[in-house]
**Q** 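Shown below is the structure under consideration.
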Amino acid sequence: MISTARKLGGPAAIALILLFSLTGTCIAGWHHKVVARGQFIALTVDQNGVSHYLYQTPYGTHAGKIEHVSFNAKGKLIAKESLPSLAFATEVLGDIAADAQNHLHVVVSAIGADLPITYGFFDGSEWQIQELPDISRGCEWPTVAVDADSNPHVACYRAGPYHYSYDGTTWTSEAVPVTFGADSLAPENSRIPIFIESTGNIHIGAVVSDESSGGQNLACDNVNSSGTWTSNCGCLGSPGPQYQALTMGVDSSGYPRFMYGTGTLSDELGIAYCAFDGAAFSAETLSSTSTDGALAVSSSDVSEAVILEPASRGSEVSAVVGTLNDGTWSYQPIGKGPGLAGVGLALDSNGLPRAGATAADYNVVYAYFVPK
C-alpha cells in the first residue's frame with residue numbers, strides 16, 4: 001500500500017516511461033502508457049471496445065479525487081474527467097462496470113473511514129452520485145456488476161459478503177449466507193467479487209475458513225438463483241486460498257473460476273488458479289513468487305490471468321499475461337516497471353486483454369493488446 005506521495009522526476013521518471021513504452025512495444029501486440037500520477041482502482045471495457053479506467057489522485061495532505069479516463073481500442077485517450085463531489089483523504093477501494101447501453105457504474109469506499117459506499121452512474125452525458133444506505137457504512141472491498149435491466153448490484157465485505165441491489169428507485173441489502181455441507185462458514189476479510197450471468201443468476205465470491213478441515217481456507221461461489229442462495233465451495237489444498245487478490249470469472253455453463261493469493265500474512269507471495277468443471281474443483285499454483293494477480297474469463301470460456309512477478313533487479317516488477325487453452329497455460333510478458341502493484345484485468349468482446357496497475361511514486365499505468 002502506498003501511503004505517501006512524492007513527485008517522480010528526473011531519471012526515475014525517464015526509467016518508468018522507458019520501461020512501459022520501449023519495453024512494451026518490442027513485444028508484438030502489447031503497448032503501455034503512464035496514465036497519470038495516482039493510484040489505480042479498476043477498469044472495464046464497454047460494448048464498443050472502449051476501456052474505462054478509474055484511479056485516485058494522490059491523497060494525504062490533499063484529498064484524492066476519483067478520476068475517470070477512457071481509451072479507444074488502439075489506446076488513444078478519448079476522455080478524462082473527475083467524478084463530481086468525490087474526494088477522499090485516504091486510499092479508496094472500488095470498481096467500475098459498463099452496462100449494455102455503455103452507461104457506467106462506479107462504486108468506491110474509503111479504507112478505514114466510517115462512511116457508506118458511494119455509487120456513481122454515468123448516463124452518457126453526466127454523472128449522478130449517491131451514497132448507498134447507511135447500512136453499507138464500513139462495508140469494504142466493494143465490487144459492482146449490472147443485470148439485464150442495467151440495474152447495479154454491489155458486493156462488499158462486512159463480517160462476511162453483503163449484496164446490495166438497486167431497482168432504479170430503492171436500494172435493498174442482504175447478508176449472503178455461506179455454507180459448506182451442513183456448516184456455516186466464517187468468511188475472511190477479502191475482496192468480494194460479483195458476476196451476473198445472462199440468466200440473471202448472481203455469483204458472489206468469498207474466501208472462508210473451514211473449521212472441519214483444521215481451519216484451512218476455501219474459495220466459495222455463492223449463487224442467487226430465483227431469490228435463493230446456495231454455496232459451491234472448493235479449492236481446498238496446500239497452499240489454499242488466502243485473502244489476497246481474490247478474483248473470479250464464470251464460464252458459459254455458470255461454473256466459477258477463481259484466482260487468489262496463497263501466501264501468508266507476512267510474505268503475501270504466491271498465486272493459484274482453481275476452477276469447477278461441474279463435478280469437482282481443481283487447483284494449481286501459477287506462481288510461488290507472484291505479488292499480485294487478476295483473472296477474467298472470456299465469452300468463449302478462455303481464462304486470462306495477469307500476474308505480477310518480482311524482476312531480477314531492485315524494485316522492478318514484471319507483468320505477465322497467462323492464457324489457459326485446452327488445459328494448458330501459455331505466458332507472454334507485458335513489460336516491467338518499478339514497484340508495480342494492485343493490478344486489474346478486463347477483456348473486450350473479442351477476449352483481448354486490457355490491464356491497469358500502480359507503479360512506484362504514484363504512477364498509474366495502462367497496458368492494452370492490439371491484434372496484428
**Q** Ring centroids only, cut at 6.0 angstrom: are His105 and Phe121 within range, meaning strictly under it?
**A**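 Ring-ring flag for His105/Phe121: true, centres closer than 6.0 Å.
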
**Q** Hydrophobic side-chain clustering at under 4.5 Å (ILVMFWY, transitive links): who's grouped with Val45? Put none if nobody.
**A** none

**Q** Given side-chain hydrogen bond (donor to acceptor under 3.5 Å, both in side chains), test Ser287 with Glu309 step by step and report yes or no.
**A** CA-CA 8 Å; Ser287 168; Glu309 292 274 7; 2.4 Å; yes

**Q** Hey, do the aromatic rings of Phe281 and Phe276 have their centres closer than 6.0 Å?
**A** yes

**Q** For the residue pair Gln39 and Glu91, confirm or rule out a side-chain donor-acceptor distance under 3.5 Å.
**A**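 Checked: Gln39/Glu91 side chains pair up, N/O donor to acceptor below 3.5 Å.
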
**Q** I'd like to know if the side chain of Thr44 pairs up with that of His52 as donor and acceptor (distance under 3.5 Å, no hydrogens or angles considered).
**A** no

**Q** Is there a donor-acceptor pair closer than 3.5 Å between any side-chain N or O of Asn48 and the backbone N or O of Val50?
**A**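 Side chain of Asn48 to backbone of Val50, a donor-acceptor pair under 3.5 Å: no, none is there.
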
**Q** Is the distance from the ring center of Tyr366 to that of Phe71 below 6.0 Å?
**A** yes

**Q** Look only at the side chain of Asp251 and the backbone of Ser253, and say whether a donor-acceptor pair between them is shorter than 3.5 Å.
**A**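 Checking the backbone N and O of Ser253 against the side chain of Asp251, a donor-acceptor pair under 3.5 Å is found.
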
**Q** When you check the side-chain N and O atoms of Ser349 and Gln47, is any donor under 3.5 Å from an acceptor?
**A** no

**Q** Any side-chain donor-acceptor pair under 3.5 Å between Ser330 and Thr323?
**A**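 No, no side-chain donor-acceptor contact under 3.5 Å.
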
**Q** Is the distance from the ring center of Tyr368 to that of Trp30 below 6.0 Å?
**A** no

**Q** Would you please say whether a donor-acceptor pair under 3.5 Å links the side chains of Tyr162 and Ser173?
**A**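 Distance-only check fails for Tyr162 and Ser173.
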
**Q** Would the distance check show the side chain of Ser290 and the main-chain N or O of Leu308 forming a donor-acceptor pair, the cut-off being under 3.5 Å?
**A**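 Yes, the answer is positive, given that a donor and an acceptor are paired below the 3.5 Å cut-off.
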
**Q** Verify the cluster assignment for Ile129 and Val106: are they in a single hydrophobic cluster under the rule of side-chain heavy atoms below 4.5 Å apart?
**A**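 Yes, one cluster joins them.
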
**Q** Can we call the ring centroids of Tyr53 and His68 under 6.0 Å apart?
**A** no

**Q** Can you check whether Ile117's main-chain N or O pairs, donor with acceptor, with Arg137's side chain at less than 3.5 Å?
**A** no

**Q** Centre-to-centre under 6.0 Å for Tyr166 and Trp171, is that the case here?
**A**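 Close enough - the centres of the two rings lie under 6.0 Å apart.
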
**Q** Can you name the closest pair of heavy atoms from Val297 and Gly249 and give their distance?
**A**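 Of all heavy-atom pairs spanning Val297 and Gly249, the closest is CG2-CA, 3.7 Å.
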
